[in-house]
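For ligands, and for the atoms within them, numbers begin at 1 and follow the listed sequence. Keep in mind that this is a model prediction, so the values were computed, not measured.
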Amino acid sequence: MHHGDKKRLAAQAALQCIKPGVVLGVGTGSTVNLLIDELPTVRDQIQAVVASSKATEERLRKLNFEVTPLNQAGSIDLYIDGADEANKHFHLIKGGGGALTREKVLAGAAREFVCIIDDSKWVGVLGAFPLPVEVIPMARSFVSRQFVKNRGQPVLRQDFVTDNGNEVIDVYNLQITNPVEMENRFNQIPGIVTVGIFAQRPADRILMATKNGVQEMTRK
Ligand code: 5RP
């Protein structure tokens with residue numbers, strides 16, 4: 001089965017998590033886009049929808065959803081988003097699409113975080129996927145040097161500006177053996193807005209599409 005077909009399976013499985021009156025947070029990326037395309041089928045259930053990126057906001061608007069700013073929505077009942085990597089503790093790497101900061105804010109504001117992936121993203125140790133790091137532009141070189149000290153190889157994402165007007169550094173070759181500690185430590189480096197490790201606030205559920213169907217896992 002192709003990755004794309006698996007992504008669609010995971011996205012469809014997430015529809016069942018949407019309950020009447022939900023304030024829904026919507027992530028970013030190709031898996032979530034497949035979910036967004038199905039959201040009109042559950043439109044009646046959705047009280048309000050909050051977007052994790054301008055791209056997601058635009059896609060929702062095209063389907064006639066009114067998008068509520070987080071400041072107005074308050075807390076989120078359910079946040080649904082993809083990931084670049086996930087492990088058995090439900091720690092994630094996110095930000096392949098560059099929306100990591102707003103995604104982390106929505107995940108933090110959500111009572112429940114459901115992550116939709118295909119099984120190519122399931123890993124033992126996070127870090128084979130280069131770690132996205134959002135930085136304010138004037139700190140780019142300083143931050144890059146700090147990652148070199150940590151044996152990472154930082155590469156500036158070319159021709160890319162985040163929705164917040166910042167830049168993204170992708171850090172290769174990190175072995176993220178202790179995601180909670182590393183998220184904490186890297187986030188202390190001045191100039192970093194946030195790193196794409198989602199471990200302090202992991203996913204609560206993972207819906208992982210495999211060739212045999214969708215495996216539903218709940219964090220203990
Ligand atoms: C965007 C993300 C996405 O969730 C992640 O990149 C996965 O994307 P896709 O569903 O296209 O594989 O974190 O910033």
Side-chain angles (χ1 to χ4, degrees), residues 1-15 17 24-39 50-60 70 76 78-87 90-110 113-123 126-135 155 157-172 174 176 179 183 186-187 192-210 214:
M1 198 188 287
H2 191 260
H3 284 338
D5 297 326
K6 286 185 187 170
K7 285 181 181 191
R8 189 177 303 278
L9 278 185
Q12 282 169 346
L15 280 178
C17 303
L24 179 67
V26 182
T28 300
S30 59
T31 314
V32 167
N33 281 346
L34 296 169
L35 169 74
I36 295 174
D37 294 345
E38 304 270 350
L39 280 184
V50 182
S52 65
S53 63
K54 290 180 182 167
T56 287
E57 187 168 337
E58 203 171 298
R59 202 174 181 98
L60 286 163
L70 179 64
I76 291 172
L78 172 65
Y79 179 55
I80 305 176
D81 199 356
D84 300 301
E85 284 185 347
N87 72 14
F90 294 30
H91 299 151
L92 314 171
I93 285 187
K94 291 185 46 53
L100 60 158
T101 301
R102 292 187 186 201
E103 292 174 341
K104 200 176 272 193
V105 173
L106 293 204
F113 175 11
V114 172
C115 182
I116 49 179
I117 55 171
D118 66 78
D119 54 4
S120 68
K121 280 140 172 207
W122 190 252
V123 299
L126 300 175
F129 189 92
L131 178 68
V133 178
E134 181 164 353
V135 292
V155 176
R157 202 177 289 187
Q158 293 299 315
D159 303 316
F160 186 83
V161 179
T162 69
D163 287 349
N164 313 307
N166 295 315
E167 295 175 345
V168 171
I169 296 170
D170 293 302
V171 186
Y172 289 76
L174 289 175
I176 305 174
E183 180 181 7
F186 293 150
N187 275 340
I192 288 182
V193 181
T194 200
V195 297
I197 305 173
F198 283 53
Q200 315 263 1
R201 201 291 180 236
D204 299 308
R205 293 174 70 195
I206 293 181
L207 309 181
M208 181 170 73
T210 73
V214 177

**Student:** Counting N and O atoms only, with roles assigned by atom type, does the side chain of Thr194 sit under 3.5 Å from a partner on the main chain of Thr101, one being a donor and the other an acceptor?
**Tutor:** no

**Student:** Classify the contact between Ala83 and ligand 1 as side chain, backbone, both or neither, using a heavy-atom distance cut-off of under 4.0 Å.
**Tutor:**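 Backbone only; the side chain of Ala83 stays clear of ligand 1.
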
**Student:** Relative to the heavy atoms of Ala99, which atoms of ligand 1 are at a distance of less than 4.0 Å?
**Tutor:**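 The atoms of ligand 1 under 4.0 Å from a heavy atom of Ala99 are 14 (O).
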
**Student:** Which protein non-hydrogen atom lies closest to atom 4 (O) of ligand 1, naming both residue and atom, and how far is it?
**Tutor:** Lys94 NZ, 2.9 Å

**Student:** Under a 4.0 angstrom heavy-atom cut-off, which atoms of ligand 1 come close to Gly97?
**Tutor:** 1 (C), 6 (O), 14 (O)

**Student:** If you count the atoms of ligand 1 from 1 in the order shown, which ones are under 4.0 Å from a heavy atom of Lys121?
**Tutor:** 7 (C), 9 (P), 10 (O), 12 (O)

**Student:** May I ask you to identify the nearest protein heavy atom to atom 9 (P) of ligand 1, giving residue, atom name and distance to one decimal place in Å?
**Tutor:**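 Nearest neighbour among protein heavy atoms for atom 9 (P) of ligand 1, to 0.1 Å: Ser30 OG, 3.3 Å.
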
**Student:** Can you find an N or O of Gly95 that's nearer than 3.5 Å to an N or O of ligand 1?
**Tutor:** yes

**Student:** Is any side-chain heavy atom of Val193 closer than 4.5 Å to one of Asn164?
**Tutor:** no

**Student:** Could you check if a side-chain atom of Phe186 sits within less than 4.5 angstrom of a side-chain atom of Val171, using non-hydrogen atoms only?
**Tutor:** no

**Student:** Judged on heavy-atom distance to atom 10 (O) of ligand 1, which of Asn33, Thr162, Thr31 sits nearest?
**Tutor:** Thr31

**Student:** Under 4.0 Å from any heavy atom of Glu103, which atoms of ligand 1 are there?
**Tutor:** 1 (C), 2 (C), 13 (O), 14 (O)

**Student:** Please answer whether the main-chain N or O of Val26 pairs with a side-chain N or O of Ser52 as donor and acceptor at a distance below 3.5 Å.
**Tutor:**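 Pair found, side chain donor or acceptor close to backbone of Val26.
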
**Student:** Which heavy atom of the protein is the closest neighbour of atom 3 (C) of ligand 1, given with residue, atom name and distance?
**Tutor:**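 Ranked first by proximity to atom 3 (C) of ligand 1 is Thr28 O, 3.3 Å.
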
**Student:** Which of the numbered atoms in ligand 1 are under 4.0 angstrom from any heavy atom belonging to Asp84?
**Tutor:**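 Within the 4.0 Å cut-off of Asp84, ligand 1 contributes 5 (C), 6 (O), 7 (C), 13 (O).
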
**Student:** List every atom of ligand 1 that sits less than 4.0 Å from any heavy atom of Lys7, numbering the atoms from 1 in the order shown and giving each element.
**Tutor:**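 The atoms of ligand 1 under 4.0 Å from a heavy atom of Lys7 are 9 (P), 11 (O), 12 (O).
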
**Student:** Could you list which atoms of ligand 1 come closer than 4.0 Å to a heavy atom of Gly98?
**Tutor:** 14 (O)

**Student:** Is there side-chain contact between Glu85 and Ile176, with heavy atoms separated by less than 4.5 Å?
**Tutor:**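 Side chain of Glu85 against side chain of Ile176, heavy atoms only: no contact under 4.5 Å found.
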
**Student:** Any donor-acceptor pair under 3.5 Å linking the side chain of Lys121 with the backbone of Ala83?
**Tutor:**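 Between the backbone of Ala83 and the side chain of Lys121 there is a qualifying donor-acceptor contact (under 3.5 Å).
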
**Student:** Short question: side chain of Asp81, backbone of Thr28 - any donor-acceptor pair under 3.5 Å?
**Tutor:** yes

**Student:** What are the atoms of ligand 1, with element, lying closer than 4.0 Å to any heavy atom of Gly82?
**Tutor:** 4 (O)

**Student:** Does Glu134 come within less than 4.0 Å of Lys104, counting only side-chain N to carboxylate O?
**Tutor:** no

**Student:** Taking the side chain as C-beta and beyond, is there a heavy-atom pair between Phe90 and Phe113 under 4.5 Å?
**Tutor:** no

